[in-house]
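Reviewing the structure listed below.
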Amino acid sequence: VQIRGDERRRRGIGVYVHIPFCRSRCPYCDFNSSEAGNLSGELADRYVACLLAELRGVVAREFTADGVPRLDTIYIGGGTPTLLPAGAIAWLVEGVRGILPRVADDTEITVEANPGTVAGPSLSAMRRAGVNRISIGVQSLDDRVLAGLGRTHTRADALRAMEAARAAGFENLSVDLIFGAPGQVMDSFLASLGEVTAFAPGHVSVYGLTIEPSTRFHALYGPGAARPTGLPVAPLPGEDEVCAMYERAVEALSSAGYAHYEISNFALPGCKSAHNTGCWTGRDYLGIGAGAHSYRSSPGWGRRWWNRTGAEEYMESIEMGGEARAASEELTREEALSESVMLGLRMLGRGLDAEAFMARFGEYPARALPGIGALEGEGLVEMRGNSVLLTERGVLFSNEVFARLLAVGL
Ligand code: SF4
């Protein structure tokens with residue numbers, strides 16, 4: 001979904017901050033993060049100083065003094081942001097708000113937290129610093145599943161983190177759950193989901209485990225993996241079971257009152273992620289930190305750039321020259337169009353807005369993407385007013401829908 005020029009000017013920007021440190025590496029994860037044990041205060045301070053120096057430089061390069069946009073959302077993700085001491089997070093939040101002083105009243109400020117790295121006092125300190133949303137990587141409330149995923153936290157840690165976040169005053173709480181994990185069976189998944197929905201966080205994200213190249217799981221579970229014998233490696237659930245877990249999650253969360261607003265995301269009224277919704281609807285964002293990506297929708301068909309990935313090389317680049325950009329690219333019309341289609345269709349309640357699409361690309365989706373008719377006939381997409389939406393069945397086959405739409409359309 002793209003937006004008209006005047007609407008684009010009215011919208012603010014989001015800031016994504018990447019914290020590339022984790023206590024230890026989970027064997028399935030390919031995120032940009034390195035093992036930092038208990039991150040030292042000195043390293044945390046050095047990294048935050050670099051983040052703020054980078055943001056000052058990016059804002060000076062990207063905007064004129066009177067054209068600095070409104071700051072709509074801040075999302076501090078990782079990695080494990082909660083390895084930073086709460087004081088460093090407070091310094092970071094205050095620094096970002098100082099560099100982008102046109103702050104919206106309702107600025108959503110999210111911090112991703114891992115159970116086992118947060119406790120009451122640090123959560124209260126973050127809340128006082130203006131953080132108003134915590135996203136907790138619970139993944140499962142079954143200790144066997146957590147062990148199979150190689151997570152260092154337990155069910156008890158996860159429950160404690162959820163309780164502590166609520167006690168610290170975080171009304172806007174998000175919980176991540178995973179399905180398709182080694183040794184996970186339907187009953188275990190539904191039990192975790194049931195406990196989470198009974199706790200009633202405002203937002204729940206449900207992700208299917210994917211086996212990514214260059215992870216330890218790829219060696220264990222990837223195509224053609226030679227499984228070492230004698231190791232207690234739990235099998236992955238089958239494809240049908242994994243699909244059924246997703247379908248049951250959609251049912252359970254819908255009947256508990258959660259709107260299924262994006263393929264993996266569910267929210268109670270008023271609790272959708274404003275930051276991610278902004279990214280999915282084509283809003284500009286600045287990404288700071290190691291490996292972070294940024295996007296500006298104009299001029300032309302848009303532009304993106306990204307930073308050096310290693311924490312040390314990132315900090316050295318900033319300390320030496322104030323910039324850590326690794327590369328940038330101008331989007332072509334085809335790339336901008338593909339991105340609009342994929343992001344728009346992911347937004348399940350609103351879909352791809354035909355009028356906004358027309359305003360940006362000069363033609364309606366039905367003409368730009370002739371595959372829509374066949375997909376509609378197969379019940380994978382539907383037209384609702386001017387919008388094109390994935391159907392419930394289409395959500396299950398979303399990758400196929402995107403591939404067919406874009407292969408035919410471009
Ligand atoms: S804690 Fe999160 S980011 Fe860190 S290694 Fe594990 S899954 Fe990846």
Side-chain angles (χ1 to χ4, degrees), residues 16-40 43-44 47 51 75-85 88-89 110-119 122-123 133-162 165 173-184 192 196 203-222 234 236 264-265 273 275-276 287-293 306-307 309-312 314:
Y16 172 77
V17 184
H18 191 72
I19 309 297
F21 306 111
C22 289
R23 198 164 263 171
S24 62
R25 288 289 290 162
C26 301
Y28 60 90
C29 176
D30 72 342
F31 290 176
N32 178 30
S33 152
S34 59
E35 217 160 276
N38 291 321
L39 188 70
S40 75
L43 180 54
Y47 191 73
L51 290 170
Y75 192 101
I76 304 175
T80 305
T82 42
L83 276 188
L84 294 176
I89 293 178
T110 303
V111 172
E112 285 181 351
N114 266 338
T117 61
V118 282
S122 60
L123 285 159
R133 186 169 183 271
I134 290 278
S135 173
I136 306 179
V138 167
Q139 315 311 350
S140 170
L141 289 171
D142 180 334
D143 278 331
R144 277 171 313 170
V145 171
L146 290 170
L149 284 168
R151 300 289 308 199
T152 52
H153 73 267
T154 61
R155 162 191 167 78
D157 293 330
L159 291 172
R160 253 195 309 273
M162 286 159 59
L173 196 60
S174 182
V175 167
D176 286 358
L177 288 174
I178 210 161
F179 62 95
Q184 191 180 34
S192 294
V196 167
H203 191 274
V204 179
S205 301
V206 181
Y207 298 108
L209 177 73
T210 50
I211 304 299
E212 303 292 348
S214 58
T215 60
R216 276 184 280 155
F217 265 23
H218 196 263
L220 288 175
Y221 298 111
L236 292 177
S264 305
N265 289 286
S273 161
H275 182 83
N276 287 335
I288 57 170
H293 285 232
W306 52 95
N307 283 346
T309 47
E312 187 55 41
Y314 164 78

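Counting convention: from 1, in listed order, for ligands and their atoms alike. What you see is a predicted model, and the numbers here were worked out from it, not measured in a lab.
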**Asn276 and Tyr16: CA distance, side-chain angles, deciding distance, side chain to side chain contact (heavy atoms under 4.5 Å, CB included) verdict** = CA-CA 10 Å; Asn276 287 335; Tyr16 172 77; over 6 Å; no

**Request:** Quick one: look up the protein heavy atom nearest atom 8 (Fe) of ligand 1 and list residue, atom name and how far away it is.
**Result:**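 For atom 8 (Fe) of ligand 1, the nearest protein heavy atom comes out as Cys29 SG, 2.3 Å.
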
**Message:** Within the supplied structure, the quantity of interest is the number of heavy atoms (other residues, nucleotides, ligands) at a distance under 6.0 Å from Arg23 CZ; does it exceed 12?
**Reply:**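 Atom CZ in Arg23 is crowded, with more than 12 foreign heavy atoms closer than 6.0 Å.
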
**Asked** Can an N, O or S atom be found in Cys22 less than 2.8 Å away from atom 4 (Fe) of ligand 1?
**Response**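 Yes, within the cut-off.
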
**Asked** Below 4.5 Å, heavy atoms only, C-beta onward: do Leu209 and Phe217 meet side chain to side chain?
**Response**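 They are in contact (side-chain heavy atoms under 4.5 Å apart), so the answer is yes.
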
State the atoms of ligand 1, each with its element, that fall below the 4.0 Å cut-off from a heavy-atom position in [X].
{"X": "Gly79", "result": "3 (S)"}
{"X": "Cys26", "result": "1 (S), 5 (S), 6 (Fe), 7 (S)"}
{"X": "Asn114", "result": "1 (S)"}
{"X": "Arg25", "result": "5 (S)"}
{"X": "Tyr28", "result": "7 (S)"}

**Item:** Pairwise distance NE2(His218) to CD1(Ile211) - rounded to 0.5 angstrom
**Value:**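 Answer rounded to 0.5 Å: 8.0 Å.
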
**Message:** Measuring from atom CD of Glu112 to atom CD1 of Ile136, what distance do you get when rounded to the nearest 0.5 angstrom?
**Reply:**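 Here the interatomic distance stands at 11.5 Å.
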
**Asked** Does Arg151 have a heavy atom less than 4.0 Å from any atom of ligand 1?
**Response**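 Heavy atoms of Arg151 do come under 4.0 Å of ligand 1.
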
**Item:** Under 3.5 Å side-chain donor-acceptor pair for Tyr207 and Gln139
**Value:**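 Judged by distance alone, the side chains do not pair up.
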
